[in-house]
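Please read the structure below before turning to the comments.
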Amino acid sequence: MQNRILIKNILWDFDGVILDSLAVRDYGFREIFKDFNKAAVEKLIEYHSINSGLSRFHKIRYFFNDLLGQDISDEEIKIYADKFSLIMREELIKSRYLIADSINFIKENYKKYNFNVVSGSEHNELNFLCQKLQINQYFHSINGSPTPKIELVKNLLLKENYKNGETILIGDSINDYEAARLNQIDFYGYRNPQLEDVSKKYIEKFDNNDFID
């Protein structure tokens with residue numbers, strides 16, 4: 001069994017694992033698409049909840065291409081993504097959205113592991129939020145979209161020369177699992193019962209014994 005000594009590098013998803021932001025992001029999508037067909041918007045929200053690890057850029061394109069049957073340019077996607085980011089930057093800097101057990105574990109253990117964030121959230125917004133929430137100092141790097149999470153993980157493993165057997169990814173969505181699987185690192189599912197069967201270890205709540213078998 002894998003134990004604390006073998007794990008040296010922990011890659012963290014952000015939304016739903018460090019920050020309880022999913023409801024706020026639901027609101028953000030409803031707001032930027034408030035003038036569109038409401039049924040289509042609700043289908044997007046459902047897609048978003050299932051695929052929380054995917055970027056907003058992907059979801060905006062999905063909304064237009066798959067739900068509305070319309071083309072959208074990269075420039076138009078960026079306009080909607082920027083509107084979304086403004087809403088997130090105003091709301092998600094509030095510390096009440098931080099997930100207490102995750103943050104406590106991070107604060108208590110950041111010197112024992114190499115912590116990195118790999119998130120579907122937009123890169124600049126993600127770094128802004130971490131700075132405003134005063135948690136950026138706990139992470140070796142903070143990485144976000146539009147680069148897909150699978151590539152973020154791959155790039156990080158190469159850049160930092162992390163060994164696959166010493167690295168895990170903690171996430172709350174099937175997209176996080178896929179990013180770990182395709183990069184041949186272990187996946188630890190967090191607070192999503194649908195991930196129990198695909199997780200090397202499933203975490204309902206963090207404590208200091210989570211990585212000791």
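All heavy atoms count here, side chains included; hydrogens, waters and symmetry mates do not.
Side-chain contact of His58 with Tyr47: a donor-acceptor pair under 3.5 Å is present, judged by distance alone. Asp172 and Asn192 share no side-chain donor-acceptor pair at under 3.5 Å. One side chain, Asp176 or Ser173, offers a donor N or O that lies under 3.5 Å from an acceptor on the other.
Residues passing the salt bridge (Lys or Arg N to Asp or Glu O under 4.0 Å) test with Glu178, sequence neighbours excluded: Arg181. When the side-chain contact (heavy atoms from CB on, under 4.5 Å) test is applied to Leu86, no partner is found at least two apart in sequence or on another chain. Evaluation of the ring pair (Phe, Tyr, Trp, His ring centres under 6.0 Å) rule for Phe128 yields no partner, not counting sequence neighbours. Looking at residues two or more places apart in sequence or on another chain, you find a side-chain contact (heavy atoms from CB on, under 4.5 Å) between Ser141 and Asn116, Asn143, Leu156. Residues satisfying the salt bridge (Lys or Arg N to Asp or Glu O under 4.0 Å) test with Arg61, not counting sequence neighbours, are Asp74. For the salt bridge (Lys or Arg N to Asp or Glu O under 4.0 Å) test, no residue two or more places apart in sequence or in another chain qualifies with Lys38. Take Asp71 and apply the salt bridge (Lys or Arg N to Asp or Glu O under 4.0 Å) test, not counting sequence neighbours, and it matches no residue. Under the side-chain contact (heavy atoms from CB on, under 4.5 Å) criterion, Asp82 pairs with Lys78, sequence neighbours left out. In this structure, the side-chain contact (heavy atoms from CB on, under 4.5 Å) partners of Ile150, at least two apart in sequence or on a different chain, are Ala179, Leu182, Asn183.
Ile72 places a side-chain heavy atom less than 4.5 Å from the side chain of Tyr80. In this structure the side chain of Trp12 never reaches within 4.5 angstrom of the side chain of Tyr190, judged on heavy atoms. The shortest side-chain heavy-atom distance between Asn109 and Phe115 falls under the 4.5 Å cut-off. Between Phe36 and Leu44, the closest side-chain pair of non-hydrogen atoms is not below 4.5 Å. Considering only heavy atoms from C-beta on, Ser49 stays 4.5 Å or farther from Leu22 through its side chain. A 4.5 Å side-chain heavy-atom check between Ile135 and Ile106 finds every atom pair outside the cut-off.
When every heavy atom of Phe57 is checked against every heavy atom of Ser145, the shortest pair comes out as CE1-OG, 3.6 Å. Of all the heavy atoms in Leu195 and Tyr202, the pair that sits closest is C-CD1, 4.5 Å. Closest non-hydrogen pair, Leu126 versus Ser121, comes out as CD1-CB, 4.1 Å. Shown here for Ile93 and Leu129, the closest heavy-atom pair between the two residues is CG2-CD2, 3.8 Å.
Within a 6.0 Å sphere centred on CD of Gln194, other residues, nucleotides and ligands contribute 12 heavy atoms or fewer. For Gln184, the CD atom counts as loosely surrounded, since its 6.0 Å shell holds 12 or fewer non-hydrogen atoms of other residues, nucleotides or ligands. The number of heavy atoms from other shown groups lying within 6.0 Å of CD (Gln134) does not exceed 12.
Considering CG of Leu133 and CG of Leu98, their distance stands at 5.0 Å, rounded to 0.5 Å. The distance from atom NZ of Lys83 to atom CZ of Phe33, rounded to the nearest 0.5 Å, is 9.5 Å. Atoms CG and CD, from Leu6 and Glu166 in turn, are 7.5 Å apart once rounded to the nearest 0.5 Å. The NE2 atom of His48 sits 7.5 Å away from atom CZ of Arg25, with the distance rounded to the nearest 0.5 Å. Annotation: the span from Tyr62 atom OH to Leu68 atom CG amounts to 10.5 Å, rounded to 0.5 Å. Put simply, CG on Asn51 and CG on Asn175 are 4.5 Å apart, with the number rounded to the nearest 0.5 Å.
Aromatic pair Phe63/Phe29: ring centres not closer than 6.0 Å.
At distances below 3.5 Å, not a single donor-acceptor pair connects side-chain atoms of Glu151 with backbone N or O atoms of Pro148. Remark: the backbone N or O of Ala40 is paired with a side-chain donor or acceptor of Asn37 at under 3.5 angstrom. In this structure, the side chain of Ser21 does not engage the main chain of Val24 through any donor-acceptor pair within 3.5 Å.
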Exercise for review: Using the side-chain contact (heavy atoms from CB on, under 4.5 Å) rule, take Met88 and Asp15 through it: C-alpha gap first, then chi angles, then the decisive distance, then the call.
Suggested key: CA-CA 12 Å; Met88 297 305 105; Asp15 296 297; over 6 Å; no
Check your understanding: Can you check side-chain contact (heavy atoms from CB on, under 4.5 Å) on Phe64 and Ile77, steps first, answer last?
Key -> CA-CA 10 Å; Phe64 280 91; Ile77 288 175; over 6 Å; no
Practice item. Take Arg30 and Glu42, measure what side-chain contact (heavy atoms from CB on, under 4.5 Å) needs, and give me the verdict at the end. Key: CA-CA 8 Å; Arg30 288 192 177 99; Glu42 291 310 308; 2.9 Å; yes
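Residue pairs satisfying the side chain to side chain donor-acceptor pair (under 3.5 Å) criterion with at least one member in residues 87-100, sequence neighbours excluded, are listed as follows: Ser85-Arg89, Glu91-Lys94, Glu91-Arg96, Glu91-Tyr97. Among pairs with a residue in residues 46-59, those fulfilling salt bridge (Lys or Arg N to Asp or Glu O under 4.0 Å) read Arg56-Glu125, at least two apart in sequence or across chains. Residue pairs meeting the ring-ring contact (aromatic ring centres under 6.0 Å, His included) criterion with at least one member in residues 161-184, sequence neighbours excluded, are Tyr177-Phe187.
Salt-bridge annotation for Asp13 and Lys149: present, with a side-chain N of the basic residue lying under 4.0 Å from a carboxylate O of the acidic one.
Phe105 and Leu11 end up in different hydrophobic clusters when Ile, Leu, Val, Met, Phe, Trp and Tyr side chains are linked at under 4.5 Å. In this structure, Ile18 is a member of the same hydrophobic cluster as Ile170, with clusters built from ILVMFWY side-chain heavy atoms closer than 4.5 Å. In the hydrophobic cluster analysis, where Ile, Leu, Val, Met, Phe, Trp and Tyr join through side-chain heavy atoms closer than 4.5 angstrom, Ile7 is grouped apart from Val118. Residues Val153 and Ile168 do not share a hydrophobic cluster, defined by chaining ILVMFWY side chains whose heavy atoms lie under 4.5 Å apart. No continuous path of ILVMFWY side-chain contacts below 4.5 Å connects Phe139 to Leu169, so the two sit in separate hydrophobic clusters.
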